[in-house]
Amino acid sequence: MFNWAYARHMGGQLIFRIEDTDASRDSEKSYHALVATMRWLGLDWDEGPEVGGPNGPYRQSERSAIYTEVVQKLVSAGAAYESFSTPQESAERQQAAGRDSRLGYDNFDRELTDQQKASFRAEGREPVLRIRMPEEDIVWQDLVRGEVRSAAGSVPDFVIVRANGKPLYTFVNPLDDALMGVTHVLRGEDLLPSTPRQIALYEVLNKIGIGTGAPQFGHLPLVMGHGTKKLSKRDPEANFDTYIERGFVPEGMMNYLALLGWSLAADRDVFSPQEFIDAFDIKDVNSNPARFDLKKCEAINGDHIRLLAPDELAHRLARVLTAAGLLPADPTDSQLTILRSATPLVQERMITLDEAPSMLGFFYKADDEIDIADDARKTLREDSAAVLDASIPALVAVDEWEAQSIQQALRAALVDDLAIKPKFAFGPLRVAMSGRRISPPLFESMQILGRDSSLRRIAALRQSID
RNA sequence: GGCCCCAUCGUCUAGCGGUCUAGGACUCUGCCCUUUCACGGCAGCAACACGGGUUCGAACCCCGUUGGGGUCACCA
């Protein structure tokens, strides 16, 4: 999202690439889900899957031929070498040398003779290919963190091609960036420790005529969940589908997410995608990790629902109501008219779109199908029957069936004549209309339902009281 | 454990040497509005991790401590 905002702000090109080099965990399904999520959020890209571009294909699983060719060049140039050590062997050697076994590979195979290689092959071992790391410090100006330095020797030679000949992400990520002319890379802080080896690789590639050296990096703060660990892709809290299903709106989600590590202004935190783009600069992103706070996310989402044009909101609510089975896939005109009238009533009270069925459901039920919730029935008192009885003639007498007149008539009949407090006068009517203790504004709801329907609902509740 | 990153209210943040008795938002509490619930309005609780420097002056610069995080794969 920050890559998108930065590209849009700067007038650059956003390249979207699918890094699916691990056949065991990438699937067509996860690819489609990923693209759908990007689209839902409102992100678009100038090059990538579905839109194409001059540097395609954009799925690494379709770029094998390119990789094979580059690997051969790297080997010929002496930048990559065959390595036979198993992780266990490396760990044992580290330990034997008095170092921590977690240090990993120890560059042991750098100068293997042809004879040694042949003997490993005779054992049935197939080598991986590793890149030789340079002997000097690697330093770069991080767009978020400033100068970052990695001491010479602190990063071991790393694997670029598996024993089975398949290339690894650590290799094809920088390779594709170089091939595709990527100038800026904004990514999570978790990639910070692997940046030195990527920079080393860019330089090696540059030497064999690919690319023009390393792009600029900006390492973004990680987002943590309720716990103290980074939110991982598999974490339920990080599952976008959950938020989509819960009725978060894309504008709200983008707004909230942007606030994790960035802010628009000192005294303002609700903004549109366009305002985000206009104001975004990678230099303003701060480097400390943020925690995902559902409550704030919801509050921002509610604000965005309020910001929507009522017709637009009605449109989105129709889909939610359809999904909930309250509306057909192709609603009738009268159903849509009801929805358009009712939308302003709920716009001020919704946090997420998935509240629509419970808030608006009663508009779409038959008058004799209103279920009276238990907690709603409990609010009824001895005088509720009298309230219902008195409200019927009052409503029959209303001249123009419109919220103001309805309110006046009921106030006169119940609050004035029966001397019942508004809360207890209108409460039973609310229950009659909606079956609930809490509902959208009563008189407006009655206006939308119409006089006949309102009267029938009152009668139905009245009957069930005895 | 090695290496690296980070450090302002519970949370997200503003702050880029003096305008900071540290601002905003979310959460929470109280009040107002009110036919319910919300929305809205007002008020309140609540932070510069600690210790040294540098400086006339430090939340802001430097060092250390502590704490948190990341990373050390033939995953990405």
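When reading the values below, keep in mind they use all heavy atoms of this one structure, side chains included, and skip hydrogens, waters and symmetry mates. Proteins come first, then strands; the chains are lettered A, B, ... in the order of their sequence lines, and each starts at number 1.
The CD1 atom of A:Ile300 sits 13 Å away from the C1' atom of B:rU27 (whole-angstrom rounding). Separating the NZ atom of A:Lys296 from the P atom of B:rU13 is a distance of 9 Å, rounded to the nearest angstrom. When the C1' atom of B:rC26 is taken as reference, atom CG of A:Asp269 falls 8 Å away, rounded to whole Å. We find that CG of A:Leu259 is positioned 11 Å from C1' of B:rG24, with the value rounded to whole Å. Rounding to whole angstrom units, CZ of residue A:Phe217 and P of B:rC4 are separated by 19 Å. Atom CD in A:Gln141 sits roughly 13 Å away from atom P in B:rC5 (whole-Å rounding).
Shown for residues 380-398 of chain A: no residue has heavy atoms falling under 4.0 angstrom of RNA chain B.
With hydrogens and angles left out, the side-chain atoms of A:Asp176 and A:Tyr67 include a donor and acceptor closer than 3.5 Å. Counting only N and O atoms by type, the side chains of A:Ser391 and A:Arg462 include no donor and acceptor under 3.5 Å apart. In the model, A:Asp157 has a side-chain atom that pairs as donor or acceptor with a side-chain atom of A:Tyr81 under 3.5 Å.
Here B:rC42 sits opposite B:rG30 as a Watson-Crick or G-U wobble pair (both hydrogen-bonding atom distances under 3.5 Å). With a cut-off of 3.5 Å on both Watson-Crick or G-U wobble distances, the partner of B:rA7 is given as B:rU66. In this structure, B:rC61 and B:rG53 make a Watson-Crick or G-U wobble pair, each of the two defining distances being under 3.5 angstrom. Pair assignment for B:rU71 gives B:rG2, based on Watson-Crick or G-U wobble hydrogen-bonding distances that are each under 3.5 Å. Judged by Watson-Crick or G-U wobble contacts below 3.5 Å, the nucleotide B:rA47 has no partner.
By the side-chain hydrogen bond (donor to acceptor under 3.5 Å, both in side chains) test, A:Ser341 pairs with no residue at all, sequence neighbours left out. In this structure, the salt bridge (charged side-chain N to carboxylate O under 4.0 Å, His left out) partners of A:Arg268, at least two apart in sequence or on a different chain, are A:Glu275. Residues that satisfy the salt bridge (charged side-chain N to carboxylate O under 4.0 Å, His left out) test with A:Glu47, not counting sequence neighbours, are absent from this structure. In terms of the side-chain hydrogen bond (donor to acceptor under 3.5 Å, both in side chains) criterion, residue partners of A:Asp354 (sequence neighbours excluded) are, by chain and number, A:Thr352. In this structure A:Asp417 satisfies the side-chain hydrogen bond (donor to acceptor under 3.5 Å, both in side chains) test with no other residue, sequence neighbours excluded. The ring-ring contact (aromatic ring centres under 6.0 Å, His included) test applied to A:Trp4 returns no partner, not counting sequence neighbours. Partners of A:Glu147 under the salt bridge (charged side-chain N to carboxylate O under 4.0 Å, His left out) rule, at least two apart in sequence or in another chain, are A:Arg149. Listed by chain and residue number, A:Asp269 satisfy the side-chain hydrogen bond (donor to acceptor under 3.5 Å, both in side chains) test with A:Lys296 (two or more places apart in sequence, or in another chain).
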Which donor-acceptor pairs under 3.5 Å do the side chains of residues 418-431 of chain A make with protein atoms, sequence neighbours left out?
unit_1   : atom_1 : unit_2   : atom_2 : d
A:Arg430 : NH1    : A:Ser439 : OG     : 2.9
A:Arg430 : NH1    : A:Pro440 : O      : 3.4

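Note on A:Asp20: nothing from the nucleic acid sits closer than 4.0 angstrom, heavy atoms only. A:Thr379 comes within contact range of no nucleotide atom at all, as no heavy-atom separation falls under 4.0 Å. Residue contacts shown for A:Asp100 include a base, since a base heavy atom lies under 4.0 Å away. Counting any heavy atom pair closer than 4.0 Å across all strands shown, A:Arg145 reaches sugar-phosphate atoms only and no base atom. Within 4.0 Å (heavy atoms only), A:Gly261 reaches sugar-phosphate atoms of the nucleic acid but no base atom.
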Report, as a single string ordered 5' to 3', how protein heavy atoms within less than 4.0 Å touch nucleotides 66-74 of chain B: B base, S sugar-phosphate only, - not at all. ---SSSBSB
Determine, for nucleotides 34-47 of chain B in 5'-to-3' order, which nucleotides have protein heavy atoms under 4.0 Å from the base (write B), from only the sugar-phosphate (write S), or from neither (write -). -BBBBS--------
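When the P atom is compared between B:rG40 and B:rG64, the two are found 48 Å apart, to the nearest whole Å. Look at the C1' atom in both B:rC45 and B:rG10: the space between them is 12 Å, to the nearest Å. Using atom C1' as the reference point in both B:rC72 and B:rA49, the two lie 28 Å apart (nearest Å). To the nearest whole angstrom, the two P atoms, one in B:rC3 and one in B:rU65, are 12 Å apart. Separation of the C1' atoms belonging to B:rU34 and B:rC42 is 16 Å when rounded to the nearest angstrom. One P atom belongs to B:rA59, the other to B:rA25, and the distance between them is 24 Å to the nearest Å. To the nearest whole angstrom, the two C1' atoms, one in B:rA73 and one in B:rU13, are 37 Å apart. Atom P of B:rU8 sits at a distance of 14 Å from the matching atom of B:rG68, rounded to the whole Å.
Phosphate contact (OP1/OP2 of B:rA76, side-chain N/O of A:Thr21, threshold under 4.0 Å): present. In this structure, A:Asn286 does not reach the B:rC12 phosphate: none of its side-chain N or O atoms is under 4.0 Å from OP1 or OP2.
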Under the salt bridge (Lys or Arg N to Asp or Glu O under 4.0 Å) rule, what do A:Arg125 and A:Glu89 come out as? Steps first, then yes or no, please. CA-CA 13 Å; A:Arg125 291 158 82 140; A:Glu89 288 168 342; 2.6 Å; yes
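With rounding to the nearest 0.5 angstrom, the OH atom of A:Tyr31 is 9.0 Å from the CG atom of A:Asp20.
Checked against B:rU13, B:rC26, B:rA76, the side chain of A:Glu19 finds its nearest nucleotide in B:rA76. Of all nucleotides listed (B:rU13, B:rG10, B:rA76), B:rU13 comes nearest to the side chain of A:Asn288.
Heavy-atom distances to RNA chain B give each of A:Asp267 and A:Ala151 a nearest nucleotide, and the one nearer the 5′ end belongs to A:Ala151.
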